[in-house]
Peer 1: 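First the structure, which I've put down as structure tokens, then a few questions once you've had a look.
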Amino acid sequence: MGPHPTVAAIRLAVRRVLHDVLTACPDPQPLVLAACSGGADSMALAASLAFEAPRLGVRAGAVTVDHGLQDGSAGRAVEVADRLRGLGLDPVDAVGVTVGRQGGPEAAARDARYAALDTTAERRGAAAVLLGHTRDDQAETVLLGLARGSGTRSLSGMAAISGENGRYRRPFLLLDRDTVRQGCLAQGIAVWEDPHNHDPAYTRSRVRHEALPVLEKSLGKGVVEALARTAQLSRDDADALDQWAADAQGEAAGEDGSLDVSRLRALPPAVRRRVLRRCAIAAGSPPGFLFARHIEEVDRLVTAWRGQKALNLPGGVTVLRANGRLFFSPS
């Protein structure tokens, strides 16, 4: 008798990713880590990795990050690490981080978490880090991007492969949260539910427990699937536009990095604004604080020039138009 259907589905998703890692990695026995909070999604991920990795000759470990935001979080991280070792994963690291305030609590925690995952992966020489984001997480991300009006790239949600050299892999993006959690139940895996997931102080929590249920009640089932499908379509469009923008930037840029305004003006707005955003970020403007309104102001220096003074962007970057060229200067 085979495994429960939900267990089979999540193992298959992990197996496919491990095959991809093996194909891309020169190491015949690469190390793959599961990022695990102790919640149902990440425990299902860790258990599937522990099951599939030995069958493919892959070394399997895990890392859990203690954000230090709740009483007893350090002890809980040790507990999760012990549970991961009990699955047969090795090495297992419990890493404590200090969460700052930049960008709000959710963004600051995310930045601290990824920094810890990057550091651990580099120290351990891991070929990949698996993340337990599901199709429901993808839908929430798309809805958040839509609400913020951040453009096509934000609507593309989370990529199946991201990070430096494709470090981060998300096997569960095509699986819904219920399937993954039922897989945990079927295997009798103990999980921990983060209270922040139900705290209305956090935007994602409100989207999960208030906004999405209202949408499904009003529009019918299938909203999550539709939003996730939107993510893939938007990602394909954004990738094509980004490549066009990179080529256009090269054609418009001079030796000093300034841009020819006449070349910029001839570009479609979607491409031109991508070029402007790329240049602002390259000059030192933080991507998380560079909003559409900033790029629109820079765009006016190209399309509605009336002798405006230099613009100041987040990160101390200055944008000036002079002699038919656009100059981005770092602070």
Side-chain angles (χ1 to χ4, degrees), residues 1-25 27-66 75-95 113 116-135 137 160-161 163 166-194:
M1 183 176 175
H4 189 278
T6 57
V7 176
I10 61 180
R11 286 179 179 173
L12 177 60
V14 170
R15 190 186 316 142
R16 285 172 173 163
V17 168
L18 293 181
H19 273 298
D20 290 344
V21 172
L22 277 168
T23 301
C25 185
D27 186 345
Q29 289 188 308
L31 172 64
V32 175
L33 302 176
C36 186
S37 66
D41 301 343
S42 61
M43 285 301 295
L45 177 70
S48 297
L49 175 62
F51 181 85
E52 293 293 339
R55 288 157 175 76
L56 296 173
V58 173
R59 292 176 293 135
V63 54
T64 185
V65 178
D66 169 25
R76 190 175 302 109
V78 171
E79 220 175 275
V80 171
D82 288 341
R83 205 176 299 163
L84 293 168
R85 292 187 188 98
L87 293 172
L89 297 171
D90 180 45
V92 173
D93 292 295
V95 183
R113 179 167 60 255
L117 293 176
D118 281 334
T119 299
T120 303
E122 288 164 12
R123 179 169 55 84
R124 292 293 190 180
V129 178
L130 306 188
L131 305 173
H133 297 120
T134 65
R135 186 171 63 186
D137 295 308
I161 303 174
R167 169 175 290 157
Y168 293 108
R169 310 287 179 124
R170 297 177 174 86
F172 294 164
L173 283 184
L174 297 180
L175 298 178
D176 62 78
R177 187 175 290 139
D178 284 345
T179 294
V180 175
R181 298 192 171 191
Q182 285 169 19
C184 272
L185 288 173
Q187 296 173 88
I189 297 173
V191 299
W192 169 72
E193 187 65 41
D194 186 348

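When a residue number appears, it is its place in the shown sequence, counting from 1. Please read all numbers here as calculations on a predicted model, not as lab measurements.
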Peer 1: Using side-chain contact (heavy atoms from CB on, under 4.5 Å), reason through D66 and V95 one step at a time and then give a plain yes or no.
Peer 2: CA-CA 6 Å; D66 169 25; V95 183; over 6 Å; no
Peer 1: Which residues pass the salt bridge (charged side-chain N to carboxylate O under 4.0 Å, His left out) test with R83, sequence neighbours left out?
Peer 2: E79
Peer 1: Would you say P91 and R124 make side-chain contact, with heavy atoms under 4.5 Å?
Peer 2: yes
Peer 1: Using side-chain contact (heavy atoms from CB on, under 4.5 Å), reason through I161 and Y168 one step at a time and then give a plain yes or no.
Peer 2: CA-CA 6 Å; I161 303 174; Y168 293 108; over 6 Å; no
Peer 1: Counting only N and O atoms by type, is there a donor-acceptor contact under 3.5 Å from the side chain of R169 to the main-chain atoms of L130?
Peer 2: no
Peer 1: Can you measure from CD (Q187) to OG (S48) and round to the nearest 0.5 angstrom?
Peer 2: 6.0 Å
Peer 1: Does NZ or CZ of R55 fall inside the cone over F51's six-membered ring, less than 6.0 Å from its centre and within 45° of the axis?
Peer 2: yes
Peer 1: Just by modelled atom types, is the G132 backbone N or O under 3.5 Å from a matching donor or acceptor in the S42 side chain?
Peer 2: no
Peer 1: Are R167 and E122 ion-paired here, with the side-chain N under 4.0 Å from a carboxylate O?
Peer 2: yes
Peer 1: For the pair R59 and V32, evaluate side-chain contact (heavy atoms from CB on, under 4.5 Å) and give the outcome as yes or no after the intermediate values.
Peer 2: CA-CA 6 Å; R59 292 176 293 135; V32 175; over 6 Å; no
Peer 1: Starting at SG of C36, measure out to CG of D41 and round the result to the nearest 0.5 Å.
Peer 2: 10.0 Å
Peer 1: Would you call V92 and V63 a side-chain contact if the rule is heavy atoms closer than 4.5 Å?
Peer 2: no
Peer 1: State plainly whether the residues R85 and D82 are in salt-bridge range, i.e. N to O under 4.0 Å.
Peer 2: yes
Peer 1: Please check if the number of heavy atoms outside R16 that lie under 6.0 Å from its CZ is greater than 12.
Peer 2: no
Peer 1: Is T179 reaching over with its side chain to a backbone N or O of L175, donor-acceptor style, under 3.5 angstrom?
Peer 2: no
Peer 1: Taking atom CZ of R170 and atom CG of L131, what is their separation to the nearest 0.5 Å?
Peer 2: 5.0 Å
Peer 1: Is a side-chain donor-acceptor pair under 3.5 Å present for D20 with T23?
Peer 2: no
Peer 1: Would you compute the distance between atom OG1 of T6 and atom CD of Q182 and round it to the nearest 0.5 angstrom?
Peer 2: 6.0 Å
Peer 1: Salt-bridged, E52 to R15, with N to O below 4.0 Å?
Peer 2: yes
